[in-house]
Each structure stands twice: as structure tokens, then as C-alpha cells.
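Computed from a predicted model, the values in this text were never measured in an experiment.
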Amino acid sequence: MNQAMNREDDSVLTGTAAAVVAASLATSDSGTPPTAAAAADSVDWTRETFGSALAWIARTHGAREAVVHGETRLTFAELAERISAFARGLIALGVGPGENVALWMSDSTEWLVARWAVPLIGAVLVPVNTRFRENDVAYVLSQSEASTLIVQERAGSVERGVRYFDILARLDPDWDKHRRGAWRCERMPALRRVIGLSSERTLPTGMEDFHAVEAHGQSHRHDGVLERRVSQVKPDDVAQILYTSGTTSFPKGAMVRHGALLANNQYAAQCLRLSPADRYLSCVPLFTATGTFYTLAMALSGAAMVIADQFTPKLFCELVEREKITVSFFVDTIVQDLKAFADIGRYDLSSLRTGTGAPLPTASFEWVSTTLGVPQLVSAYGMSETSNAVVRTRWNDPYEKRSRTNGRPVRGVQVRIADIKTGAFAPAGVIGEICIAGYVVMKGYYRMPDEDKKAIDADGWLRTGDLGELDADGYLTYRGRLKEMIKPGGFNVATQEIEVFLKTYPGVRQAVVVGVPDARLGEVGYAYIERQEGATIDPHALQQYCHEHIASYKVPRYVEFIEHWPLTGSQKIRKLELRDRAAQILASGEAAESTRPVPPAGASSGEGSHS
């Protein structure tokens with residue numbers, strides 16, 4: 001391995017990143033130590049940075065276990081030491097304030113080290129989706145103007161894992177011929193340096209070694225360079241650029257700030273009642289907004305993070321039992337896999353207490369909270385543009401609110417619903433576009449000023465493009481994407497509402513509804529259905545079930561069964577692709593039997609009219 005490191009200076013870092021903000025919290029007015037949660041709650045995190053937060057975490061939670069990955073176990077003090085060393089190494093390489101640093105690695109302790117170290121020194125973290133391949137990676141690295149790339153050789157097994165170095169070689173055929181710090185690549189023109197984490201091969205001479213960067217920083221610990229750099233970082237500086245999933249357009253890079261990320265996710269920790277006694281099982285990638293939430297919430301709470309290399313029901317159950325996991329994150333695919341796991345009853349999962357859904361259908365939420373046994377499960381809604389969730393339910397909210405809504409606005413944030421036609425703010429009970437204002441709103445999209453103007457109005461309100469409604473108590477319920485709304489017979493219908501209902505039919509694993517043209521009604525629903533393993537579903541019976549329980553204009557006119565979904569790099573379903581596919585099938589007249597419309601028994605010719 002290439003253990004040398006290209007250095008731009010001979011200076012080194014100090015042991016701690018910044019003045020410890022917890023010093024004033026060491027004792028309460030009565031002279032007794034406050035609880036960790038009370039200490040965290042008393043800090044105004046909107047005025048802090050990743051540097052001051054890391055120092056606070058190391059002081060407050062230093063001896064507690066921070067991360068578990070495979071055979072590796074680190075305390076918060078040990079993790080902070082590694083972060084500081086790697087941060088100092090980045091400075092020595094010449095990574096400056098405001099530079100964009102892309103991180104393209106699978107979940108690991110090294111990922112956590114790098115994700116903290118980059119914003120620590122005032123650089124901007126650009127997490128790269130680990131499912132991206134050549135075109136996606138080239139786009140993000142080019143659009144973000146990343147000057148530094150931190151990349152691992154491969155993820156997963158030798159036989160089936162993803163080889164990131166091979167993808168990099170296809171992007172840049174001269175990848176093994178560059179000089180250190182002097183990369184030149186046509187598809188990634190801003191890239192100047194690459195830091196590699198090798199698994200089995202010797203690194204090219206032009207690539208810095210991850211461990212050598214960290215070792216160099218560790219060997220230069222007492223000259224004050226890191227401390228001086230960290231002191232220059234401000235709470236309002238951009239900490240990271242989170243790229244949207246790009247289901248309807250090219251991904252956009254949302255610029256989110258230090259103080260907003262820390263404050264919002266520390267409040268999230270309160271909503272879950274997190275404490276040093278908690279242990280989080282990370283089975284959702286850390287590069288996501290969800291990964292950012294749990295990374296920060298756990299660290300600020302002194303709770304341990306247990307990293308799973310991948311999700312399987314068996315591994316999930318094994319880790320929950322062995323590590324006494326109390327917290328996890330549940331998307332509906334995870335829920336369905338756990339429900340189908342025949343051996344789930346053989347494991348002791350009684351330690352589970354809380355977690356969040358993504359948002360979950362009510363039936364899945366109920367299964368997790370009651371059958372799986374996660375009694376304090378909460379819900380949330382947020383996006384990359386808002387420093388994670390903007391509404392949350394709390395662990396002690398009424399069950400009906402936790403299971404059927406996404407929650408109330410988080411502290412310091414306003415949420416309103418805008419009328420779809422007029423843009424005026426709508427009253428409770430009306431579905432419209434979710435609009436958000438407050439400290440959590442992004443600075444803007446990186447190098448996309450025209451998109452900024454579309455997204456954020458003159459008063460600072462972010463138009464999310466999402467549909468939702470507020471109830472009389474101020475709880476928000478997410479209803480899908482505005483672009484995915486269909487309008488059969490003049491009625492505005494949120495496709496998510498139909499999808500959630502379709503999944504109540506026996507045998508339905510996943511459902512997606514898109515709109516297709518109709519000569520009479522203008523537009524009607526076309527449902528794609530993924531069946532549970534071994535299930536048989538009659539499409540006509542499914543449509544009849546819909547007619548018996550929901551308004552006739554919401555019933556999908558067409559039903560098609562599907563086994564493989566078209567997915568984005570973030571594993572979100574490409575609805576526009578499905579819509580185009582449906583339109584093409586209908587236009588060609590080659591619809592399969594299951595996609596042919598069936599008039600419901602007793603349906604009137606006035607279906608879809610306003611009368």
C-alpha cells in the first residue's frame with residue numbers, strides 16, 4: 001500500500017477541535033451533574049459548528065461506546081481522536097475552507113471519520129450515493145465541483161461487491177497515471193486529489209492513502225493548526241451538499257448549514273427520547289439525509305451506532321439480539337421483509353423501543369409498533385432541502401397521531417399548506433402544497449440559481465413540491481408529490497392515497513399509481529402492482545375491492561403486475577418512467593389482459609363528473 005502522503009505544510013493539529021461548549025454545563029445550579037440529555041437540550045445548536053459539537057461530544061460522552069462495525073468498537077473519545085487526526089491530514093493535503101469534498105464509500109467507521117472531518121475544517125461534504133455508477137458519479141462530481149474525492153476500493157464481497165476503483169477507471173482511463181494533488185480529468189474538471197481506501201490492491205502513485213492521511217495528522221498533534229482552522233468556521237457556513245434523488249430531473253445539490261443540521265437533529269433526538277442507553281442499528285445508508293439524521297442524533301445523545309453492512313431480516317434480528325438494539329429506521333420494504341421472515345420468532349427483539357418510518361403506511365406502522373414490538377415508534381416528514389425532517393411526532397404523542405400523521409412542525413419551523421391553484425395558504429383539512437419556513441431551509445441549490453428562484457420565494461418560504469394537509473391540531477400528513485397528482489374528471493387525486501389503499505388488499509406487496517390520458521375523463525389511474533411471493537391476485541377483483549371502499553374516480557382504470565421496478569440510484573421508483581411506459585402500452589394497443597379496463601358493476605356513466 002502507498003503509505004506516503006503528499007504534504008503542503010509541516011504543521012499539525014491540536015488534540016481538540018474547538019473550545020468545549022460543554023464547560024458551562026459541567027454542573028447544574030445545584031452543583032450536581034446534569035443528565036446528558038439536559039446538557040444537550042441547554043445548548044443553542046443553531047450557533048454551533050461540527051467542530052464545537054465534536055468537542056462537546058468527546059467531553060460529555062467520551063468513555064461511552066460510539067460505533068460498532070464488524071470487529072471494530074470505538075468510544076466517542078476514540079472516534080473524536082481519529083476524526084481530528086484525519087481532519088489535520090486533510091489540511092496538510094491542502095484542502096481549504098469552502099472546498100467541496102466528495103465521499104464515496106460504503107458505511108464503516110472510516111466513513112464516519114471522514115464525514116465529520118470534512119466539515120470540521122470548513123470544507124463541504126458531498127456524500128455520493130454508493131449505488132451510483134459512471135454517469136451518476138460523473139454528474140455529481142462535476143456539478144459539485146469537488147476538488148477532493150475520498151473513495152474506497154470496493155464494497156461488499158470479492159465476488160459480488162461493487163468495485164469503485166473500477167468505476168473510477170472507466171470515468172478516467174488515466175486514473176493510475178496522475179501525480180498526487182494534480183489530477184486532471186475531462187469529466188470531473190475540478191478534481192485535483194483522490195484519497196483511496198484500499199482493500200487488496202496497491203494504490204496508484206497519484207492516490208493518497210486514507211490511513212496515511214490519518215497517520216500524518218496523528219503524528220502532528222500539537223501545533224494548533226486544526227484549532228485555528230476550526231475557529232474560522234461559522235454556524236451559517238455550508239456543511240454539506242445533499243443531492244436529491246432526481247426522479248423527475250437531474251439531481252440538485254441542496255446546501256445545508258452547520259447550525260441547522262445540528263439543531264434540527266438534536267431536536268429529533270428529543271422526539272425519540274434518545275439517551276446514552278440507546279443503541280441504533282444502521283441498516284439504511286449513511287450517505288442519505290436519514291443517515292445524517294441518525295449520525296448526528298446518536299452522537300449528540302451519547303448513543304451507540306451499530307453499522308450493518310447490508311439489510312437482511314436474519315442479520316437484522318441477529319444484531320438486535322446480540323447488541324441489544326433499541327432504535328432503528330423502518331422503510332416499508334424492510335417491514336415487508338421482516339414480516340415474511342419465517343424465523344423472526346426465534347430471536348429476542350424485546351430491546352427495541354423506538355425508531356422512525358419513511359413515512360410508513362398505517363398498516364406497516366401498526367405491525368412494527370405492535371407485532372414487532374417497537375412501542376414508541378414515531379413518524380416524520382422532511383427532505384434534503386430542509387436539513388432533514390421538518391415535522392415529527394414525539395415518542396409520547398397519542399398513538400393515532402404517531403401512526404396516521406407525520407407530526408407537528410419541529411422547533412423554530414413553520415409549515416403551511418398552499419392552495420394548488422391560487423397559492424394562497426389553505427385551512428386545516430385541505431390538501432395542497434407543503435411550504436416550509438425557518439432556520440432549516442437550505443441556503444440554495446449548488447450552482448442552480450434558477451432552481452433557487454423556483455423553490456424559495458421572496459419571503460423565504462420553500463415550496464416543496466410535496467402534497468400534504470394539516471389537521472386541526474397542527475399535525476401534517478404527507479400525501480405524495482405534486483407532480484404525481486392525477487386529475488380524473490376534474491378531481492385532484494394524490495396518487496399516494498390510492499397506493500396506500502391498494503396495499504391493504506391481500507397479496508399486494510407494493511403499488512404505484514400513475515396517470516394516463518383518457519378521452520372522456522382527461523386522465524385516469526394506471527396501477528402497477530407487485531405481488532407478495534406466492535400470491536395470486538385477480539385484477540378485476542382488485543378493482544372491485546377499490547370500488548367498494550373508495551370514490552369511483554380514484555379507482556385505477558388499469559392494473560398491471562410488475563416484478564422489477566425501475567429505480568434511481570437512491571432506490572426510489574422512477575414514476576415518470578412508469579408513466580411513459582403505461583402511455584406507450586396503451587397507445588400501441590398492446591396492453592396485457594391485466595391492463596385492460598373493466599367497467600365496475602353498477603358504475604354510472606357519470607363517473608368522474610362533478611355532479
Fill in the blank from the handout: On a heavy-atom basis, the closest approach of Val230 and Gly51 is CG1-CA, 3.9 Å
Completion exercise
Taken in chain and number order and not counting sequence neighbours, the residues that satisfy ring pair (Phe, Tyr, Trp, His ring centres under 6.0 Å) with His258 are Phe50
Exercise for the section: Could you verify whether a donor N or O on one side chain and an acceptor N or O on the other, from Gln510 and Trp565, lie under 3.5 Å apart? Expected result: no
Exercise for the section: Using a strict 4.0 Å threshold on nitrogen-to-oxygen distance, state whether Glu134 and Arg187 make a salt bridge. Expected result: no
Practice task
Determine the minimum heavy-atom distance between Ser147 and Glu99, stating which atoms define it.
Solution key: OG-OE1, 2.6 Å
Practice task
Assess the side chains of Tyr381 and Asp466: does a donor N or O sit below 3.5 Å from an acceptor N or O?
Solution key: yes
Handout entry: NZ/NE/NH1/NH2 to OD/OE distance under 4.0 Å, Arg257 and Asp237
Key = no
Completion exercise
Between Asp337 and Pro313 the two heavy atoms that sit nearest each other are O-CG, 3.6 Å
Handout entry: Flag, side chain of Ser387 to backbone of Val440, donor-acceptor distance under 3.5 Å
Key = yes
Handout entry: Lys314 and Glu318 ion-paired at < 4.0 Å
Key = yes
Problem - Listed partners of Tyr139 passing ring pair (Phe, Tyr, Trp, His ring centres under 6.0 Å), at least two apart - result: Phe250
Handout entry: Electrostatic pair Arg279-Glu65, nearest N-O below 4.0 angstrom
Key = yes
Handout entry: Test item: Val320 and Leu281 side chains (from C-beta on) under 4.5 Å apart, heavy atoms
Key = yes
Handout entry: Aromatic ring proximity Trp45/Trp56, centre distance under 6.0 Å
Key = yes
Exercise for the section: Side-chain contact test, heavy atoms from C-beta onward, threshold under 4.5 Å: evaluate it for Met298 versus Val327 and give yes or no. Expected result: yes
Problem - Carboxylate-amine/guanidinium proximity below 4.0 Å for Glu48 and Lys234 - result: no
Exercise for the section: Name all pairs fulfilling the side-chain hydrogen bond (donor to acceptor under 3.5 Å, both in side chains) condition that reach into residues 438-449, sequence neighbours left out, sorted by first residue then second. Expected result: Asn100-Tyr446, Glu145-Tyr446, Glu385-Tyr445
Practice task
May I ask you to decide if Thr205's main-chain N or O and Arg180's side chain share a donor-acceptor pair within less than 3.5 Å?
Solution key: yes
Problem - Nearest atoms (heavy-atom pairs only) where Leu120 meets Ser84 - result: CD2-CA, 4.5 Å
Handout entry: Under-4.0 Å salt bridge between Arg82 and Glu214
Key = yes
Exercise for the section: Could you pull out the closest heavy-atom pair between Phe210 and Ile195, with the gap in Å? Expected result: CA-CG2, 3.7 Å
Exercise for the section: Spell out, as yes or no, whether a donor-acceptor pair under 3.5 Å connects the side chain of Asp209 to the backbone of Ala212. Expected result: yes
Problem - Heavy-atom closest pair, residues Ile456 and Leu462 - result: CG1-CD1, 3.9 Å
Handout entry: 4.5 Å side-chain heavy-atom contact, Asp332 and Gln336
Key = yes
Handout entry: Donor-acceptor pair, side chain of Gln152 and main chain of Ser106, under 3.5 angstrom
Key = yes
